Structure formats: structure tokens, C-alpha cells
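These notes concern the structure reproduced below.
Since the structure is predicted, the reported quantities are computational estimates derived from the model, not experimental observations. Computed from heavy atoms alone, side chains included, the values below leave out hydrogens, waters and symmetry copies.
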Amino acid sequence: MSIASRNDSAWVAEPASHIYLAAFIINIVLTAVVMLYLYGNFIGISTDPLYYFAVLLAVIEVLLVLASLTSFKKISEILHKPTIWHNVRNGAYSQVAYTFSFLLLLLPVDVVLKRVLLIQRIMNLSSQLPEPLIEILERQLQELFIDILVVLPFLLVALVFGYFMEKFYKVAFEELGEVTGIEEFKQAARWHGYGLI
């Protein structure tokens, strides 16, 4: 494609690049909120409002991603590059599945972390634990093992969808950056090349 046609096609792709950039920025904020949610128990802050805020941010991010699909489909048709549409669409669907499986993962992970904190507090009470505390400690350790088994399938699902999201987006944005010359798409391809989710 010539330089002139690249510049002509760039204006069509510009809105989609801004929508995607906004979704990416929300994802960064969401990651910070999730980290605060997971470690809030250890620093003594209330984590329940953080979970609802994380859900709100995730919904906004998903809505932005889904809203950008129409623009990406139009771009793909104008550029006669159906692979762009297929990769962006598959990446977006993987992102939706990843986001919600990750939000579901937060709940059992929070339970695991609270149980670890409780076990740590019991063990810090004394080097010679009385019999009732030893029984509580043993029960908490058994339940911690079960909780970890519950977390593993959620984690596996989130990792699989996250992997596919990265791969689809990287290919789509590399092609979009090359064809349109828009820097946001080139940067997005680099982000996904690093495996950022």
C-alpha cells in the first residue's frame, strides 16, 4: 500500500485507536484496584468497596472494547483486510471472557488470602499453642488446601483466555499499525508483545 493510501485510511482507524487506548488506560487502573483489593487485608483497609469498583471498571472496559468492534470491522472492510477484523473480534471476545473469569477468580483468592492471614495470626500468638488453637490451625490449613484447589480452575481459565487475547490483539495491531501508520496501534502491538494483560 502506498504512503498516500495509508494516510487516507488512517482517519477511519483513528476513533478505534482512541477507544482502545481508553480501554487500555482503564485496564491499568483496574489492575491497581485489584492489587489493592487483594492486599488490602494485609494493610488493614476495607476491601469490599474495592471489589465493586473493580467490577465497575471491568464493565466499562468491556463496553469500550465491544463498542470499538464496529469501527474495527469498518476499518477491515475499507482496507480489504478481513484478518484484522477476525483477530480483533477474537481478541475482544477473549478479553471479555478473561476479564469476567478474572473477576470470578478474585473472590476465592480473597478467601485464600484471608485464611493465610488468619493462620499467620494464630501462629504468631505463641510458640506453644494450646490444644484448641492447634485444632483451629489444622482445620484452617485443610480448608486453605481446598480453597487453593477451587482457585486453580478459575486461574487456568483466566490464563488461557488471557493468552489468546494477547496473541489475537498482537497480530491485529501489528497489521493495523503497518497499514495505517497510526502510532497507537504500533504501541498496542508492542504492549501485547510483552504479554501485558
Of Val55, Leu50, Leu56, the one forming a side-chain contact (heavy atoms from CB on, under 4.5 Å) with Val33 is Leu50

Among Ile26, Asn27, Val59, the one residue meeting side-chain contact (heavy atoms from CB on, under 4.5 Å) with Leu64 = Ile26

Distance check, rounded to the nearest 0.5 Å: [X] atom [atom1] versus [Y] atom [atom2]?
| X | Y | atom1 | atom2 | result |
| --- | --- | --- | --- | --- |
| Ile25 | Leu57 | CD1 | CG | 12.5 Å |
| Leu105 | Tyr98 | CG | OH | 9.0 Å |
| Ser94 | Lys167 | OG | NZ | 12.5 Å |
| Leu30 | Leu103 | CG | CG | 6.5 Å |
| Leu159 | Phe102 | CG | CZ | 9.5 Å |
| Phe72 | Thr70 | CZ | OG1 | 11.0 Å |

Give a yes or no on whether [X] and [Y] share a hydrophobic cluster (residues Ile, Leu, Val, Met, Phe, Trp, Tyr; joining criterion: side-chain heavy atoms under 4.5 Å apart).
| X | Y | answer |
| --- | --- | --- |
| Tyr51 | Val29 | yes |
| Ile19 | Val65 | yes |
| Leu104 | Ile148 | yes |

Which atoms form the tightest heavy-atom contact between [X] and [Y], and what is the distance?
| X | Y | result |
| --- | --- | --- |
| Ser76 | Pro82 | OG-CA, 3.3 Å |
| Ala172 | Val88 | CB-CG2, 3.5 Å |
| Ala158 | Ser101 | CA-OG, 3.5 Å |

Audit row: Ile75, Trp85, side chain to side chain contact (heavy atoms under 4.5 Å, CB included) steps and yes/no = CA-CA 8 Å; Ile75 295 163; Trp85 162 242; over 6 Å; no

Between Phe161 and Val157, is a side chain to side chain contact (heavy atoms under 4.5 Å, CB included) present by the stated rule, with each step listed?
-> CA-CA 6 Å; Phe161 281 118; Val157 168; 3.6 Å; yes

For residues Glu61 and Thr99, is any side-chain donor paired with an opposing acceptor at under 3.5 Å?
->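 Their side chains do not contain a donor-acceptor pair, so the 3.5 Å distance test is not met.
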
Would you say Tyr37 has more than 12 foreign heavy atoms packed within less than 6.0 Å of its OH?
->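 Atom OH in Tyr37 is crowded, with more than 12 foreign heavy atoms closer than 6.0 Å.
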
Count the heavy atoms belonging to other residues, nucleotides or ligands that lie under 6.0 Å from CZ of Phe164, then report whether that count exceeds 12.
->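 Result for CZ/Phe164: open.
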
For the pair Leu69 and Tyr93, evaluate side chain to side chain contact (heavy atoms under 4.5 Å, CB included) and give the outcome as yes or no after the intermediate values.
-> CA-CA 10 Å; Leu69 287 181; Tyr93 292 160; 4.1 Å; yes

